[in-house]
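Here the structure is laid out as structure tokens; the discussion comes afterwards.
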There are 2 protein chains.
Amino acid sequence: MLGAVESRRQPKARAGRRPAKPLLGRAEIVEAAARVSEAEGIDRVTMRRIAAELSTGAASLYVYVRDTEDLHAAVLDHLLAGVRASRPRGDWRARVRATLVRYAAVLVERPALARMALAAPLTGDNYLALVDRLLGYLFEGGVGEREAAWAVDLLLLVATASAAEHATWRGSARAGAELAELERIVRGADPRTHPNVARAKDELMTVGGGRLGWHIGTVLRGLDRDRRRRRK
Amino acid sequence: MLGAVESRRQPKARAGRRPAKPLLGRAEIVEAAARVSEAEGIDRVTMRRIAAELSTGAASLYVYVRDTEDLHAAVLDHLLAGVRASRPRGDWRARVRATLVRYAAVLVERPALARMALAAPLTGDNYLALVDRLLGYLFEGGVGEREAAWAVDLLLLVATASAAEHATWRGSARAGAELAELERIVRGADPRTHPNVARAKDELMTVGGGRLGWHIGTVLRGLDRDRRRRRK
DNA sequence: ACCTGAACACCGTTCAAGT
DNA sequence: ACCTGAACACCGTTCAAGT
């Protein structure tokens, strides 16, 4: 889950000669992209569309943005500022949970972004801050460095996926149709060919409702035990 | 992770009148798509490209395939036949591990497909069989239905993500450049602003090498403990 | 260094019309 | 029912040329 951080392309340090300040900038581009993303969805965040928003041509963006994926990742990071600003309370476990739930909440409202976050290695300053915070909680809980690093990876992954999945079943008529299709398949599973799916069919259909919490809990339990064993 | 299964569009049952058998069929389309995917990558699996492969126009595919995403999902399911054919040995935990490792291996060789599998709800007959098998192992281990259903979800997610991430760092010059960028950021993390990232920096950079195994182990440990507690 | 218009090489999907 | 060509409405990215 951990990807690069901050702009992959900053405007190069300006050469002394002509100081005429640039008309564009990464911040302006990302803000315009975030605006369009919030209003119309990340799918509408295309080079051409954002350039038009800034009254220029798509080619102009390439000074500040590596490619479309880079731009999408920057939009997500922009949204993560809210998570960074939160100050969860409680013991370290509670704070891990609260942080992840808050992170997931941002993505649940933005299905397409959640999918993107899963597919692309995440990047950005706010994301790095999130990683740092979660690592801190785990260290506080006595988790070792290797376990903590891997666990943060796992926890963010689970939170992202949970949001993406939860998001899939919300809104859009198409999602509704897909859910119906899935339900048809799972419920109709032949007990002879797929006995276990048939047996667990009610549980397989349980979406949302505490699943993220269970996932987080399971990972923390797994960690906990590992930690104790090491201490013996 | 669990999506719909089997063709979302079968050719409608043929009306009695004109039996002239269809020129196309979902199977032919998926096979052509799988061929192109193996040879040139899933990104080249476009409606137009596959239609050309079958000497027809893109519009013709829409009788058998709902959209591009559906086609991509079908390609992945096609590849999963090999996992289905395997017969792992050992106790239930070992078989869970072996199955997931085999599944991940398919995806590690196909980076773009792994990313797709993360972003799209998975579908298909072979995937359903995989879910059924994993559920069976967990039931064998005494895991309850709800926990098993959620755990399978979590385990497949972890395996898929692990493959996607591992895959990101292989091949392609671009991936190499991204890795270097990531390394630069993580290693250069300021200990004052990101103390925990700085502390765990070596571990954050450890990619591959047992991480999937650790992730699976952590989930199984978390499960195990849950199970024992319930039995008391 | 930064910005631009134009060009290149593509896309997915729909639709009216054919058989 | 199935298949088709053409059309609509877009894409990302590169490049030579300008300031």
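Residue numbers begin at 1 in each chain, while the letters A, B, ... track the order of the sequences.
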Between [atom2] on [N] and [atom1] on [X], what's the gap in Å once rounded to a whole number?
X	N	atom1	atom2	answer
B/R44	C/dC11	CZ	P	8 Å
A/E69	D/dC11	CD	P	18 Å
A/H72	D/dC11	NE2	C1'	11 Å
A/R49	D/dA9	CZ	C1'	14 Å
B/D43	D/dG12	CG	P	14 Å
A/D67	D/dG12	CG	P	10 Å
B/Y64	C/dT13	OH	P	18 Å
B/R48	D/dC10	CZ	C1'	11 Å

Given [options], the nucleotide with the shortest approach to the side chain of [X]:
X	options	result
A/M47	D/dG12, C/dT13, D/dC2	D/dG12
A/T46	C/dC11, C/dT4, D/dG12	D/dG12
A/T68	C/dT4, C/dC2, D/dT13	D/dT13
B/A59	D/dT4, C/dG12, D/dC15	D/dT4
A/Y62	D/dT14, C/dC3, D/dA6	D/dT14

(message) Suppose you measure atom C1' in C/dA9 against the same atom in D/dC10; what distance do you get, rounded to whole Å?
(response) 14 Å
(request) In whole angstrom, give me the gap between the C1' atoms of C/dT14 and D/dC3. (result) 14 Å
(request) Look at A/R35 together with A/E31 and state whether they make a salt bridge at an N to O cut-off of under 4.0 Å. (result) no
(message) With a 4.0 Å cut-off on N to O distance, would you call B/R102 and B/E109 a salt bridge?
(response) no
(request) Specify whether B/H215 and A/W150 have parallel, tilted or perpendicular ring planes, treating 30° as the upper limit for parallel and 60° as the lower limit for perpendicular. (result) perpendicular
(message) For D/dT4 and B/S60 - does any side-chain N or O of the residue sit under 4.0 Å from the phosphate oxygens OP1/OP2?
(response) yes
(request) Grab the two heavy atoms, one from A/A159 and one from A/Y103, that are nearest each other, plus how far apart they are. (result) CB-CD2, 3.8 Å
(request) Look at atom CZ of B/R187 and say whether more than 12 heavy atoms of other residues, nucleotides or ligands are closer to it than 6.0 Å. (result) yes
(request) Sort out the partner of C/dG18 for me: Watson-Crick or G-U wobble, both distances under 3.5 Å, none otherwise. (result) D/dC2
(message) Pairing check on D/dC8: which nucleotide meets the Watson-Crick or G-U wobble criteria with it, both distances under 3.5 Å?
(response) C/dG12
